[in-house]
Amino acid sequence: TIGFFAPHSEYAATGFRGQEVREFKGMVKALHEAGIEVILDVVYNHTAEGNHLGPMLSFKGVDNKSYYRLMPDDPRFYMDFTGTGNSLNPIHPSVLRLIMDSLRYWVIECHVDGFRFDLASALARELYDVDRLSAFFDTIHQDPVLSQVKLIAEPWDVGPGGYQVGNFPVLWTEWNGIYRDTMRDFWRGEASVADFANRLTGSSDLYKEDGREPFASINFVTAHDGFTLADLVSYNEKHNEANLEDNKDGTDDNRSWNHGVEGPADDPAIKALRERQQRNFLTTLLLSQGVPMLLGGDEFSRSQGGNNNAWCQDNEISWFHWDVGERGTRLQAFTKRLIALRHDHPVFRRRHFLSGEASGATGLGLPDAWWFRPDGRRMTQRDWQQDGHVIGLFLNGREFPYRGRHGEQISDDSFLLLINGYHEDVTFVLPGRRFGREWALELSTADPGSQPGAFTVGSRQPVEAMARSLTLLRRVEPEKSS
């Protein structure tokens, strides 16, 4: 980045002599009319001028020692917390003013609704360490414009102590990298149900203590950096040879699993399991408390051929292929169903963290959430300490200790989530009658074509859960007598 006040010209369709700005504003207006907010991904942590061997394009020539962090013992070299060769210096008042003026421009003139800050930890470093009381945070928090928009941090950089998930201030939400890692590990059999449960319920261990709510957690499994969802279940290793860096670029910490074959497979069993795993990830993401973030293309199984650092590939490696085929069409239909389910049921997007207790409102004495073993009995402390991969969750749709935005009482259906991350089929016994006398199928990742209500089952009755699958049941409410 060099122009912090200009949209990227190659994204525009109507011209390159200022028409980009008019087109960008028109795009924002059209999206707002469709009820869609616009979050701008901004990169204020470095510029395109690179390290000491890089070109002099702007800031180096204006005032190198003010705009950049330089090595104290040899200011010819740059401190690099970003992996790009340089780090912008937001400690300097002029640099901080540049960043704030840029942010205000995008809000006031272009009407964006918020920002996602690339490598945000680099902006929060004072002399060296990441500081949640830094001038960068203070300036944003006191600004009457910027303090009112959505602020999303990528809460890490590549420098020492840069991984700061859970440590950003109250006004901020964060890309939850721990959520990503845990869910990837769970569905390949490497994380326990205790870790899984923490992330599924909004990561209260990260955000509750400082007064934040579940929406502080931006949950994601994949992002523009790294594997796509299809590649996550198809490759054990990155394949970045086309980037011409001897496959040394891109992360090696992918937490992926190819299910037996590296890359495209002909085995029907492997192909079926990969499709089911993609549904598992999508279902987990859309049913988790917090804010789900879906990588574009994952909804129809887009692949980059195992390339996990394709930013430099403006070709078929990174392009979207809109003829998604039968497999992509199936996954897209399943994803639409998940999105509609989350939209229609506030029990999956609660404002406050689950407590495991009853509020006494209208929850009929039942807790807002209740974890259970495959035998239908409550999880004990000893169960949580086991390295298990099978668990059930009751979500009480009648237990909302707060009202809607217009003061109305919130009431929803109640659900059972049967999660089998084990490599063999498991039989669940449903909880007792106090949680619900009868339950109906809502969806299953093992049978994505099954329709809601395809079967019903009573309390304390068995339900078969296929290996590595997730089943969602909805409580059948008794009909009210007239």
Novice: If every non-hydrogen atom of Thr456 is compared with every non-hydrogen atom of Glu438, which pair is closest and at what distance?
Specialist: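 So the two residues come closest at OG1-OE2, 3.3 Å.
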Novice: Do the ring planes of Phe400 and Tyr402 sit parallel (below 30°), tilted (30 to 60°) or perpendicular (above 60°)?
Specialist: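 Ring orientation of Phe400 relative to Tyr402: perpendicular.
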Novice: Checking Asn176 against Ser203 for the side-chain hydrogen bond (donor to acceptor under 3.5 Å, both in side chains) test, could you report, in this order, the C-alpha distance in whole Å, the side-chain angles of both residues, the deciding distance, and whether it holds?
Specialist: CA-CA 9 Å; Asn176 191 340; Ser203 297; 3.0 Å; yes
Novice: Report the relative orientation of the aromatic rings in Trp175 and Phe220; use parallel for angles under 30°, tilted for 30 to 60°, perpendicular for over 60°.
Specialist: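 Geometry flag for Phe220 against Trp175: tilted rings.
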Novice: Would you say Asp249 and Asn243 are linked by a side-chain donor-acceptor pair, where the criterion is simply a distance under 3.5 Å?
Specialist: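 Yes, because at least one side-chain N or O of Asn243 sits under 3.5 Å from a partner of the opposite role on Asp249.
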Novice: Hey, is Arg255 close enough to Glu190 for a salt bridge, meaning N to O under 4.0 Å?
Specialist: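 Salt bridge between Arg255 and Glu190, a charged N being under 4.0 Å from a carboxylate O: no.
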Novice: If you take the centroid of each ring, where Trp contributes its six-membered ring, are Trp106 and Phe24 closer together than 6.0 Å?
Specialist: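 Yes, the ring centres sit under 6.0 Å apart.
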Novice: Shortest non-hydrogen contact from Leu331 to Ser301?
Specialist: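 Minimum heavy-atom contact is CD2-N, 3.7 Å.
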Novice: Looking at His321 versus Phe300, is the centre-to-centre ring distance below 6.0 Å?
Specialist: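 His321 vs Phe300: aromatic centres not under 6.0 Å.
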Novice: Mark yes or no for whether Arg279, through its side chain, and Thr445, through its backbone, hold a donor-acceptor pair below 3.5 Å.
Specialist: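 Checking the backbone N and O of Thr445 against the side chain of Arg279, a donor-acceptor pair under 3.5 Å is found.
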Novice: Take the angle between the ring planes of Phe136 and Phe117 and call it parallel below 30°, perpendicular above 60°, tilted in between.
Specialist: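 Because their plane-to-plane angle is over 60°, the rings of Phe136 and Phe117 count as perpendicular.
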Novice: Side chains of Thr222 and Asp298: any donor to acceptor distance under 3.5 Å?
Specialist: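 The answer is yes; a qualifying pair exists.
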Novice: Measure up the Phe137 and Phe168 rings against each other and bin them: parallel (under 30°), tilted (30 to 60°), perpendicular (over 60°).
Specialist: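 Phe137 and Phe168: perpendicular rings.
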Novice: Hey, what do you get for CZ (Phe115) to NZ (Lys150), rounding to the nearest 0.5 Å?
Specialist: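 That separation rounds to 12.0 Å.
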Novice: For a quick check under 3.5 Å, do His141 and Trp172 share a side-chain donor-acceptor pair by atom type?
Specialist: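 Side-chain D/A pair, His141 to Trp172: present.
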Novice: For Asn86 and His46, which heavy atoms make the closest approach, and how far apart are they?
Specialist: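 That closest heavy-atom pairing would be OD1-CB, 3.2 Å.
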Novice: Atom CZ in Arg276, atom CG in Asp447: separation rounded to 0.5 Å?
Specialist: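 If we round to the nearest 0.5 Å, Arg276:CZ and Asp447:CG are 11.0 Å apart.
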Novice: Please check: side-chain N/O of Asn420 versus main-chain N/O of Ala465, any donor-acceptor pairing under 3.5 Å?
Specialist: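 Checking the backbone N and O of Ala465 against the side chain of Asn420, a donor-acceptor pair under 3.5 Å is found.
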Novice: State whether a side-chain donor-acceptor pair under 3.5 Å links Thr251 with Asp253.
Specialist: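 Judged by distance alone, the side chains do not pair up.
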Novice: So, Arg188 and Asp185, do they make that salt bridge, N to O below 4.0 Å?
Specialist: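 Looking at Arg188 and Asp185, the cut-off is met.
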Novice: Nearest heavy-atom pair of Ser355 and Asp368: which atoms, and what distance?
Specialist: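 Here Ser355 and Asp368 meet closest at N-OD2, 2.9 Å.
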Novice: With no hydrogens and no angle check, is any side-chain donor or acceptor of Glu49 less than 3.5 Å from a backbone partner on Leu57?
Specialist: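 Looks like yes, one N/O pair under 3.5 Å.
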Novice: Going by atom types only, do Tyr44 and Ser102 share a side-chain donor-acceptor pair under 3.5 Å?
Specialist: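 Per modelled atom types, Tyr44 and Ser102 side chains form a pair under 3.5 Å.
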Novice: Exactly one of Val95, Val43, Asn45, Thr82 should register a side chain to side chain contact (heavy atoms under 4.5 Å, CB included) with Leu88. Which one does?
Specialist: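 That would be Val95; it is the only one of Val95, Val43, Asn45, Thr82 passing the side chain to side chain contact (heavy atoms under 4.5 Å, CB included) with Leu88.
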Novice: Aromatic rings Phe394 and Phe435: how do their planes relate, parallel, tilted or perpendicular, breaks at 30° and 60°?
Specialist: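 Geometry flag for Phe435 against Phe394: perpendicular rings.
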Novice: Between Glu20 and Gly18 (side chain of the first, backbone of the second, donor and acceptor by atom type, cut-off under 3.5 Å), is there such a pair?
Specialist: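 Present.
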Novice: Would you call Arg104 and Asp101 a salt bridge, taking side-chain N to carboxylate O under 4.0 Å as the test?
Specialist: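 Looking at Asp101 together with Arg104, the answer is yes, because their closest N to O distance falls below 4.0 Å.
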Novice: When you compare the side chains of Ser147 and Gln142, does any donor N or O come within less than 3.5 Å of an acceptor on the partner?
Specialist: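 Side-chain D/A pair, Ser147 to Gln142: absent.
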Novice: Hey, does the Lys NZ or Arg CZ of Arg475 hover above the aromatic six-ring of Phe415, less than 6.0 Å from the centre and inside 45° of the axis?
Specialist: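 Output no; distance or angle outside limits.
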Novice: So how far is it from Ser414 OG to Asn396 CG, rounded to the nearest 0.5 Å?
Specialist: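 If we round to the nearest 0.5 Å, Ser414:OG and Asn396:CG are 4.5 Å apart.
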Novice: For Ser121 and Gln164, test the side chains for any donor-to-acceptor distance below 3.5 angstrom and give the result as yes or no.
Specialist: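 Note: Ser121 and Gln164 side chains miss the donor-acceptor criterion.
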Novice: Pairing donors with acceptors under 3.5 angstrom, does anything connect the side chains of Gln19 and Thr14?
Specialist: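 No pair is found: no donor N or O on one side chain lies under 3.5 Å from an acceptor on the other.
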Novice: Please step through side chain to side chain contact (heavy atoms under 4.5 Å, CB included) for the pair Val165 and Leu206, ending with a clear verdict.
Specialist: CA-CA 8 Å; Val165 174; Leu206 297 177; 3.9 Å; yes
Novice: Does Gln148 use its side chain to pair, donor to acceptor, with the backbone of Leu146 at less than 3.5 Å?
Specialist: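 Not a single qualifying donor-acceptor pair exists.
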Novice: In Å and rounded to the nearest 0.5 Å, what is the CG to CG distance from Leu472 to Leu418?
Specialist: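 Leu472 atom CG to Leu418 atom CG measures 8.5 Å (nearest 0.5 Å).
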Novice: Would you mind checking if Lys238 and Asp231 are paired as a salt bridge, meaning a charged N to carboxylate O distance below 4.0 Å?
Specialist: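 The answer is no: the pair does not qualify as a salt bridge.
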Novice: Is a side-chain donor-acceptor pair under 3.5 Å present for Asp225 with Trp311?
Specialist: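 No, no side-chain donor-acceptor contact under 3.5 Å.
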Novice: Before accepting this row, confirm whether a basic side-chain N of the pair Lys271/Glu275 lies closer than 4.0 Å to the acidic partner's carboxylate O.
Specialist: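 Salt bridge between Lys271 and Glu275, a charged N being under 4.0 Å from a carboxylate O: no.
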Novice: Output yes when Arg474 and Glu442 qualify as a salt bridge under the 4.0 Å nitrogen-oxygen rule, no when they do not.
Specialist: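 Answer for the salt bridge query: yes.
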Novice: Is Arg180 positioned over the aromatic face of Trp156, cation under 6.0 angstrom from the ring centre and no more than 45 degrees off axis?
Specialist: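 Cation-pi check for Arg180 and Trp156: passes.
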Novice: Would you say the side chains of Gln304 and Arg302 form a donor-acceptor pair under 3.5 Å?
Specialist: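 The criterion, which ignores hydrogens and geometry beyond distance, is satisfied for Arg302 and Gln304.
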Novice: Are Asp113 and His32 linked by a side-chain donor-acceptor pair shorter than 3.5 Å?
Specialist: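 Side-chain D/A pair, Asp113 to His32: present.
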Novice: For atom CZ of Arg22, is the number of surrounding heavy atoms from other residues, nucleotides or ligands below 6.0 Å larger than 12?
Specialist: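 For Arg22, atom CZ is not crowded (no more than 12 foreign heavy atoms under 6.0 Å).
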Novice: For a quick test of reading the model, state the closest non-hydrogen atom pair linking Gln289 to Leu354 and the distance between them.
Specialist: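 Looks like CG-CD1, 4.4 Å.
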Novice: Spell out, as yes or no, whether a donor-acceptor pair under 3.5 Å connects the side chain of His259 to the backbone of Trp257.
Specialist: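 Yes; judged by distance alone, with no hydrogens or angles, the pair exists.
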Novice: Is the Tyr67 ring parallel, tilted or perpendicular to the Phe59 ring (thresholds 30°, 60°)?
Specialist: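 The rings of Tyr67 and Phe59 sit tilted, inter-plane angle from 30° to 60°.
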Novice: Find the distance between CG (Asn258) and OH (Tyr235) and round it off to the nearest 0.5 Å.
Specialist: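 Nearest 0.5 Å value for the CG-OH distance: 10.0 Å.
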Novice: At their closest point, which heavy atom of Gly290 faces which heavy atom of Arg342, and how far apart are they?
Specialist: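 It is O-NH2, 2.5 Å.
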